[in-house]
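Just below is one structure, and these are the notes that go with it.
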Amino acid sequence: MVQSSLQQISELAPNLAKLDDRVRQLEATRDQPGSVDRTGFDVIELRDVGYSYDDRTPAISAIDLTIRRGEVLGIIGPSGSGKSTLLQVLLRLRLPTTGEVLLDGLDYTEISAAAWTRLVAVVPQEPQLIEASIADNIAFLRPDVSRVDAERAAEAAHIAGEIRELDDGFDTALGPRGSGLSGGQKQRVAFARALAGNPQLLILDEPTSALDAESERRVRETIAELKGRVTLVIVAHRSSTLEVCDRVVSMAAGRVQIPDGA
């Protein structure tokens, strides 16, 4: 038995060493936010930003980009061009391995986690809803989001009327993965969830890619109404979604290509 155990340990040793190296890498890049409290910003600057997964070719590199308050920025590019990685860096889900992200000249890692979550929100391509009421899905474990806040956010997302038509309105219980709502309704509930916290920066990842024409129209209306009040970064392919953007940049091979005059 001892001999067998020694053999198993010997076989596992290389994997354990790799696991230990990976833990060290993750700890070295772990977000350790500071204590600065911020309630808004005028400019976000990405200076020579890059990110690499392990030691592979950088997923994004040498990105210089300025986003101003109230601007609607569109991002386009083929699959694998680095759009998702760029969004994750903007959200501070991944910290740049090179360069820096600044809010009004302040490195965004110096902002407290609580302040950052108030400043930023995201609407993913595939909304993730929980088995709870629609109101609870919008509030999403944020005790500071009241019922009034949830309903106001639903109005802004152009979904409140459809919710009120349900038998239990905002108290309607959703099943697994938000069953009980159509795909377009789920996306607009996710939009309401993002808006309920009054974010200053809202990131939309393909918000209309899987929607029917009516739901897409309502999402575009919401984006148009937010223009100038909330800073929006939108990854999209549909030209109808990009029409509302103040400018559009293209990504290729992990780099941002800014058109002349943009």
Side-chain angles (χ1 to χ4, degrees), residues 18-36 38 41-69 71-126 128 194 199-207 209 231-237 242 245 247-259 262:
K18 291 180 180 178
L19 177 60
D20 183 63
D21 288 342
R22 183 57 178 155
V23 169
R24 292 176 184 274
Q25 290 173 4
L26 292 173
E27 287 180 340
T29 59
R30 183 172 54 190
D31 186 3
Q32 296 178 334
S35 57
V36 177
R38 293 296 298 268
F41 61 87
D42 290 318
V43 179
I44 301 173
E45 295 178 89
L46 284 75
R47 295 182 180 175
D48 196 31
V49 166
Y51 185 85
S52 299
Y53 297 89
D54 300 326
D55 296 323
R56 293 178 290 176
T57 302
I60 57 174
S61 60
I63 291 181
D64 292 305
L65 186 63
T66 299
I67 307 169
R68 294 175 176 81
R69 183 179 62 182
E71 180 179 15
V72 182
L73 174 69
I75 301 177
I76 61 175
S79 297
S81 61
K83 300 188 302 296
S84 295
T85 302
L86 176 58
L87 293 189
Q88 290 168 8
V89 169
L90 273 174
L91 288 166
R92 211 168 79 173
L93 297 176
R94 297 185 185 277
L95 297 182
T97 49
T98 60
E100 55 187 355
V101 180
L102 306 174
L103 264 72
D104 297 336
L106 176 71
D107 193 303
Y108 75 162
T109 60
E110 296 183 34
I111 299 172
S112 70
W116 184 252
T117 55
R118 289 193 301 268
L119 284 171
V120 181
V122 60
V123 178
Q125 183 175 356
E126 297 183 6
Q128 301 295 322
Q200 299 296 304
L201 172 64
L202 180 58
I203 294 178
L204 311 176
D205 187 5
E206 296 281 7
S209 62
T231 305
L232 296 167
V233 176
I234 306 173
V235 169
H237 287 110
L242 294 170
C245 296
R247 62 186 173 119
V248 177
V249 299
S250 175
M251 291 200 69
R255 292 175 178 263
V256 167
Q257 300 174 342
I258 302 177

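All figures in this text were calculated on a predicted structure; none of them were measured in a lab.
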- Rounded to the nearest 0.5 Å, what's the gap from OG on Ser84 to CG on Leu86? Could you check? 9.5 Å
- Side-chain heavy-atom pair Arg255, Ser61 within 4.5 angstrom cut-off: yes
- Message: How close do Thr109 and Arg92 get, counting heavy atoms only, and between which atoms?
- Response: CA-NH1, 3.8 Å
- Task: Using distance alone, with no hydrogens and no angle criterion, decide if Thr98 and Tyr51 have a side-chain donor and acceptor under 3.5 Å apart.
- Result: no
- Message: One pair to check against side-chain contact (heavy atoms from CB on, under 4.5 Å): Ile75 and Val248. What are the steps and the verdict?
- Response: CA-CA 6 Å; Ile75 301 177; Val248 177; over 6 Å; no
- Item | Nearest non-hydrogen partners of Ala59 and Thr85, listed with the distance | CB-OG1, 3.7 Å
- Query: What's the spacing between Leu46 CG and Thr66 OG1 if we round to 0.5 Å?
  - Reply: 8.0 Å
- Task: Provide the closest heavy-atom pair for Cys245 versus Ile234 in the form atom of the first, atom of the second, distance.
- Result: SG-CD1, 4.4 Å
- Query: Taking the side chain as C-beta and beyond, is there a heavy-atom pair between Thr57 and Ser52 under 4.5 Å?
  - Reply: no
- Query: Between Leu204 and Val233, is a side-chain contact (heavy atoms from CB on, under 4.5 Å) present by the stated rule, with each step listed?
  - Reply: CA-CA 6 Å; Leu204 311 176; Val233 176; over 6 Å; no
- Using atom types as modelled and distance alone, determine if a side-chain donor or acceptor of Asp48 lies under 3.5 Å from a backbone N or O of Gly99. no
- Query: Is any side-chain heavy atom of Leu202 less than 4.5 Å from a side-chain heavy atom of Thr231?
  - Reply: no
- Message: Restricting to non-hydrogen atoms, name the atom on Tyr108 and the atom on Leu103 that form the minimum distance, rounded to 0.1 Å.
- Response: CB-CD1, 3.9 Å
- Val122: what forms a side chain to side chain contact (heavy atoms under 4.5 Å, CB included) with it, not counting sequence neighbours? Leu91, Ile203
- Query: Could you walk me through whether Ile63 and Met251 pass the side-chain contact (heavy atoms from CB on, under 4.5 Å) check?
  - Reply: CA-CA 10 Å; Ile63 291 181; Met251 291 200 69; 4.0 Å; yes
- Note on the structure: Looking only at heavy atoms, the pair that brings Ala252 and Gln257 closest together is CB-NE2, 3.7 Å
- First locate atom CZ of Arg69, then atom CG of Leu201, and finally report the distance between them rounded to the nearest 0.5 Å. 13.0 Å
- Query: Which distance, rounded to the nearest 0.5 Å, do you find between the CG of Leu65 and the CD of Glu45?
  - Reply: 10.0 Å
- So do Val49 and Val101 actually touch side chain to side chain, heavy atoms under 4.5 Å? yes
- Can you measure from CD (Glu100) to CG (Leu106) and round to the nearest 0.5 angstrom? 10.5 Å
- Nearest heavy-atom neighbours spanning Glu206 and Ala236: OE1-CA, 3.7 Å
- Quick one: do Lys83 and Asp205 make a salt bridge, cutoff under 4.0 Å? no
- Message: Between Ile76 and Leu242, is the side-chain contact (heavy atoms from CB on, under 4.5 Å) condition met? List the steps.
- Response: CA-CA 9 Å; Ile76 61 175; Leu242 294 170; 3.6 Å; yes
- Item | CZ on Arg38 to CG on Leu119, rounded to 0.5 Å | 7.5 Å
- Tell me, do Leu102 and Ile44 make a side-chain contact under 4.5 Å, heavy atoms counted? no
- Are any of the side-chain heavy atoms of Tyr53 and Arg94 separated by less than 4.5 Å? yes
